[in-house]
Amino acid sequence: MTTTPRPPALRPLRWAALLACALGAAAHADEGDRPLRSDGVAATSAAVRSAPWSGPAYRRGVVAVANPYGAEAGAQILERGGNAIDAAVAIAYALNVVEPQSAGIGGGGFMMIHLAATGETFAIDTRETAPAAATPDMFVGVPSASLQGVAVGVPGMVRGTALALERYGQLPLRRVLQPAIRLADEGFAATPRYAAVSCNSRSQNSPEAAAFFCPGGAAPVAGSLVQNKPLAETLRLIARHGADCFYKYMPDKGCDIAKGIVEGQKFNRPQAPGGKGGSMDYADLEGYVPAIRAPIEASYRGFRIKAMAPPSSGALTMLQMLKFLERFPLGDATQGYGFGSVKTINVMADAMRLAFADRSIWMGDSDFVPVPAKGLLDPTYVGQRGAAIVPGTRLTPNPVPGDPRPFDVAGFQPGPRFASAEPVQGPGETTTHFSVIDRHGNMVSYTNTIESSHGIGVFAGYTNADGSFRNHGFLLNNELTDFNLAPTTNTFTGTPGFNDVQPRKRPRSSMTPAMIFTPGGRPLVAYGSPGGATIINSVLNVTLNLIDHKMPIQDAINAPRVSITGTGSGISLENGFPAATLEGLLALGYTYSVTDIGSVQAVLVNPVTGAQYGAADARREGTVIGLPR
Ligand code: GLU
């Protein structure tokens, strides 16, 4: 059991409460799936003008990152003329250096972008893919599969971020990489969190990683200098030659990173006889293509909520929960609801159980399987299924998946594509979420990961002819263990499980980069979280805190969270709920365990004045930098 005392509100933003309140009032007239009222913006204007603004407001951009060096990298790029996309890419690379256990160029993620000029919102999907030779049974009988080379997916971050810069950035890759190169080359003072999570069993899976993360056999001391010269050299290669230097073996140019990945993922864990290397080859790497995907969106009390489409289960699960909950007045304490009441957590818990039942069977990579995205959010389907939630009772027996197909459209795609090993619980050490807004109002909500802490615990690299190790300085992901670990059958369709391994397929994710828009469609908040399947619930908790409980954003992040990521009655919750609530939940037949959940970073914009705000999570080393400083 790990706990973190709730921090005081770092940047109280009372305006957010008032804005949410007024928008909520405006939105009630606009509920359901009817077209949004055209006067939504007018309602927003009135609400915002009357709000007593407090807390730091900025005009030239804000970054909210789970690490101070990452935040600084993003702020510097904004100050040097970069836009939110440039800053986000700079942050992602910098975090590879300073938060290497969480994410980096050996992995992938989802970068949701809102462009102020066009009003478009979309996501660049850099999720890892299975190699062409991958098979549904490739994990069967493999001990500690998530620590073996067979778990490594084809990394997507480098090509996806290069695409983002080419299409939507203002600065060249080589400039955007400078903060990360400097951090790797000159080093940084280990933060308390870096020191605390550096040396663990995963990071000691290979000798090179053990030497780096547990120097001298022990965790580095906070404040000590951490340098990663091999990573600096890798980043310089990418800066000089572009993304192809990562994906193609071109020794004439000095581009040998692809060789380091292909050789590295052959890792066969010596500690576990029967271990298994991966099948990735140069063609798999060369063939990696990021996707640009439309988000999945729905209204919630009139707000437009947009979040990550498949291969993530994030949007579909979170939006389904919101739709289940929309009929309960969660903010109204006079009716027994309100933040942290038994009644509120009761309906939240059962909404989670229902949605996670559907998630377990219907969600996967929609480029490969027919995810019934429309049916899962269809008002009739949601209404029928959600009727099982009855305040004052616990849903029994445990829910099973429903059948949304009659409510779907044959061949329906959740969005245009232009181009059961559940992850760990709690905030843990892995995955990272950051949010950015720039002076133009462009916003980015980016969740990035190598799956488990330190991935497979192996650096990309290969053994030279002289026996020395050519180290590329970044960790390889274990993302493929987000697939079902053994072949399954979808009991409704009779076909292989939607999240079974298939060649070139992306494993189902829980990452839920999200954005909230006014009823009139203007951006308000960009946010998201790490935390495995709990990600979806962290984003749900913060959404309810903002819209129903009308909390300022920092309070919405600080508030204790609740999570169920399955169909059972065991609730994970954070410290801070009243004893009477816990007793009330036990009386309804739930059990609970106390743990930390998630790490949310958010940026906000006042849609009328353009003033910008940020909020970050003290569960990790959340840092907000607003500009001008
Ligand atoms: N690999 C996980 C996912 O895509 C994220 C890992 C985590 O946050 O623990 O859902």
Side-chain angles (χ1 to χ4, degrees), residues 2 66 92 95 99-104 106-112 123-130 145-147 151-157 160 197 200 202 291 293 307-318 356 359-360 363-365 420-434 445-457 475-485 498-499 501 505-514 527-540 561 563 565-566 572 595-601 617 619-620:
T2 54
L95 290 177
E99 221 190 357
Q101 74 281 0
S102 296
F110 302 126
M111 179 183 191
M112 181 174 283
I124 298 186
D125 170 354
T126 70
R127 183 77 166 167
E128 300 89 331
T129 52
S146 73
L147 285 161
V152 181
V154 183
M157 179 182 138
V197 305
N200 59 34
R202 295 191 79 88
R293 299 189 194 276
M308 188 64 212
S312 181
S313 58
L316 287 171
T317 310
M318 200 233 338
F356 273 87
R359 174 187 179 273
S360 69
M363 299 181 203
D365 182 348
S420 149
E422 283 304 338
V424 294
Q425 300 264 320
E429 301 147 18
T430 181
T431 312
T432 194
H433 182 87
F434 57 91
S445 174
Y446 192 164
T447 316
N448 209 20
T449 190
I450 53 172
E451 168 46 5
S452 296
S453 179
H454 301 89
I456 62 163
L475 290 166
L476 295 170
N477 70 81
N478 65 303
E479 215 69 58
L480 301 187
T481 48
D482 272 357
F483 280 120
N484 297 334
L485 286 187
F498 281 18
N499 190 38
V501 181
K505 189 179 179 182
R506 288 162 159 89
R508 182 187 67 201
S509 173
S510 301
M511 293 187 288
T512 315
Y527 62 134
S529 178
T534 69
I535 290 172
I536 305 168
N537 293 330
S538 288
V539 175
L540 176 82
R561 298 178 186 138
S563 171
T565 57
S572 298
T595 183
D596 271 7
I597 301 169
S599 168
V600 175
Q601 273 58 238
D617 205 322
R619 292 167 179 82
R620 290 190 182 175

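Order of appearance sets the numbers: ligands from 1, and atoms from 1 within every ligand.
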| Considering only heavy atoms from C-beta outward, does the side chain of Pro310 approach that of Met363 to under 4.5 Å? | no
| query | Can you check whether Ser509 has an N/O within less than 3.5 Å of an N/O in ligand 1? | reply | yes
| note | Near Ile535 (heavy-atom distance under 4.0 Å), the atoms of ligand 1 are 8 (O)
| task | Within a distance under 4.0 Å of any heavy atom of Glu479, pick out the atoms of ligand 1 and give their elements. | result | 1 (N), 2 (C), 4 (O)
| said: Within the structure, is a non-hydrogen atom of Arg127 found at a distance of less than 4.0 Å from ligand 1? | reply: yes
| Do ligand 1 and Pro530 have nitrogen or oxygen atoms that lie under 3.5 Å from each other? | no
| query | Measuring from Phe498:CZ to Asn484:CG, what's the distance to the nearest 0.5 Å? | reply | 11.5 Å
| message | Under 4.0 Å, heavy-atom basis, I'd like to know which part of Glu128 is in contact with ligand 1: side chain, backbone, both or neither. | response | neither
| query | Quick one: does Gly532 get an N or O within less than 3.5 Å of an N or O on ligand 1? | reply | yes
| said: One pair to check against salt bridge (charged side-chain N to carboxylate O under 4.0 Å, His left out): Arg127 and Asp125. What are the steps and the verdict? | reply: CA-CA 6 Å; Arg127 183 77 166 167; Asp125 170 354; over 6 Å; no
| When you measure from the side chain of Arg359 to the backbone N and O of Ser510, does any donor-acceptor pair fall under 3.5 Å? | no
| Main-chain N/O of Ser453 paired to Gln101 side chain as donor or acceptor, under 3.5 Å | no
| Quick one: does Thr449 get an N or O within less than 3.5 Å of an N or O on ligand 1? | no
| field | Under 3.5 Å: donor-acceptor pair, side chain of Ser312, backbone of Met511 | value | yes
